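Here the structure is laid out as structure tokens; the discussion comes afterwards.
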2 protein chains.
Amino acid sequence: MSNNEIKKCDSTIIHEDVVNKVKENMPPEESLYNLAELFKVFGDSTRIRILYALSASDMCVCDIAALLDMSQSAISHQLRILKQARLVKYRKEGKVVYYSLDDDHVNQIFAQGLEHVKE
Amino acid sequence: MSNNEIKKCDSTIIHEDVVNKVKENMPPEESLYNLAELFKVFGDSTRIRILYALSASDMCVCDIAALLDMSQSAISHQLRILKQARLVKYRKEGKVVYYSLDDDHVNQIFAQGLEHVKE
DNA sequence: TGAATACATGAATAGATGTTCATATGTACA
DNA sequence: TGTACATATGAACATCTATTCATGTATTCA
């Protein structure tokens with residue numbers, strides 16, 4: 001790297017060419033924000049366990065609560081978040097509401113994550 | 001489903017067979033916890049932007065701060081979290097510390113996430 | 001050696017988030 | 001119609017988290 005690129009860090013930048021090039025290719029702010037929001041949904045062990053359970057079988061709220069040994073209210077709140085993120089869908093049968101995964105990507109994202117965790 | 005499986009939700013469960021079968025196949029608590037912790041790292045737009053920037057080019061702390069228009073301290077704190085999650089690595093050259101992605105999975109997890117977000 | 005610079009880090013604070021508690025909604029069934 | 005039950009939801013609270021501010025560490029160079 002040439003010395004004339006060096007500037008004081010706090011005021012400007014060191015490698016102006018690199019920064020400019022990367023900046024040009026950055027996706028729109030909104031895309032990365034949405035991506036972070038999606039991963040935020042995956043970033044809670046209760047929701048992860050719900051998603052994993054649903055990848056094994058469709059289940060009603062009550063069963064999920066029993067499976068995870070948590071209150072029905074807590075599960076219902078989390079299902080709402082998963083629903084808003086379009087990660088789960090539901091069908092009603094009388095009083096009972098059955099939830100299931102709403103997206104093929106869920107399993108793939110899971111798999112990729114597990115690859116990293118394993119080691 | 002047969003009626004003798006029906007129980008009161010708050011006390012027990014509705015579909016005991018399903019719950020038991022899913023419970024048997026649940027991964028160890030720790031695995032799902034670690035998975036959630038990993039996604040939690042992805043679940044912040046500052047870190048997402050850092051990771052995206054590093055997927056384009058290795059960069060020093062100062063340049064990342066300039067690129068994202070944030071303080072050096074804020075970036076350094078986030079890099080620490082990314083380092084602990086083994087998502088980035090670094091090399092020192094004199095005073096300057098260059099960060100880069102430490103895992104091929106990062107790009108793949110990114111890609112899967114973007115697939116879901118796009119629509 | 002001393003000044004300048006790039007980065008790291010601890011403490012503090014404001015804001016976000018998950019669970020609980022109480023209660024509302026909607027469906028089935030006697 | 002009234003009771004029981006499965007689920008949803010709003011408010012409150014405790015905990016977690018991202019950034020700022022001040023300062024420490026390490027390296028270069030005059």
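Numbered from 1 within each chain, the chains take letters A, B, ... in sequence-line order. As the structure is a computational prediction, the values presented were derived from the model and not from experiment.
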Nearest-neighbour nucleotide for the [X] side chain, [options] considered:
| X | options | value |
| --- | --- | --- |
| Ile81(B) | dT7(D), dC7(C), dA18(D) | dA18(D) |
| Ala74(B) | dG10(C), dA6(D), dT19(D) | dT19(D) |
| Gln78(A) | dA6(C), dG18(C), dT19(D) | dG18(C) |
| Lys95(A) | dA8(D), dT27(D), dT27(C) | dT27(C) |
| Ser76(A) | dT9(D), dA26(D), dC7(C) | dT9(D) |

Can you tell me the distance, in whole Å, between the [atom1] atom of [X] and the [atom2] atom of [N]?
| X | N | atom1 | atom2 | value |
| --- | --- | --- | --- | --- |
| Asp69(B) | dT19(D) | CG | P | 13 Å |
| Lys83(B) | dA8(C) | NZ | C1' | 8 Å |
| His15(B) | dC5(D) | NE2 | P | 16 Å |
| Met59(A) | dT7(D) | CE | C1' | 15 Å |
| Arg47(B) | dA18(D) | CZ | C1' | 8 Å |
| Lys92(A) | dG26(C) | NZ | P | 8 Å |
| Phe39(A) | dA18(D) | CZ | P | 16 Å |
| Asp63(B) | dA6(C) | CG | P | 10 Å |

Legend entry - Heavy-atom donor-acceptor pair, Gln72(A) side-chain to dA8(D) base, under 3.5 Å: yes
Legend entry - Donor-acceptor pair under 3.5 Å, Ser73(A) side chain vs dT19(C) base: no
Legend entry - Sub-4.5 Å side-chain heavy-atom contact between Arg47(A) and Val88(A): no
Inset, instruction - May I ask you to check whether over 12 heavy atoms, not counting those of Lys83(B), lie within 6.0 Å of atom NZ? - result: yes
Inset, instruction - Specify whether Phe42(A) and Phe110(A) have parallel, tilted or perpendicular ring planes, treating 30° as the upper limit for parallel and 60° as the lower limit for perpendicular. - result: perpendicular
Inset, instruction - May I ask you to decide if the ring planes of His116(B) and His105(A) are parallel, tilted or perpendicular, using 30° and 60° as cut-offs? - result: perpendicular
Inset, instruction - For Arg86(A) and Asp102(A), work out which heavy atoms get closest and say how close. - result: O-OD2, 3.6 Å
Inset, instruction - Indicate, with a heavy-atom threshold strictly under 4.0 Å, whether Tyr90(A) touches base, sugar-phosphate, or nothing. - result: nothing
Inset, instruction - Indicate, with a heavy-atom threshold strictly under 4.0 Å, whether Ser71(B) touches base, sugar-phosphate, or nothing. - result: sugar-phosphate
Inset, instruction - Please state whether the phosphate of dC7(C), meaning OP1 or OP2, lies under 4.0 angstrom from any side-chain nitrogen or oxygen of Tyr98(B). - result: no
Inset, instruction - Determine: side-chain N/O of Arg80(B) to OP1/OP2 of dT9(C), distance under 4.0 Å, yes or no. - result: yes
Inset, instruction - Please indicate yes or no: is the ring centre of His77(A) less than 5.5 Å from the centre of the six-membered base ring of dT19(C), with the two planes inclined by under 30 degrees? - result: no
Legend entry - Closest-nucleotide 5' rank along DNA chain C - winner of Gly94(A) and Lys40(A): Lys40(A)
Legend entry - Ion pair check, Glu37(B) and Lys40(B), cut-off under 4.0 Å: yes
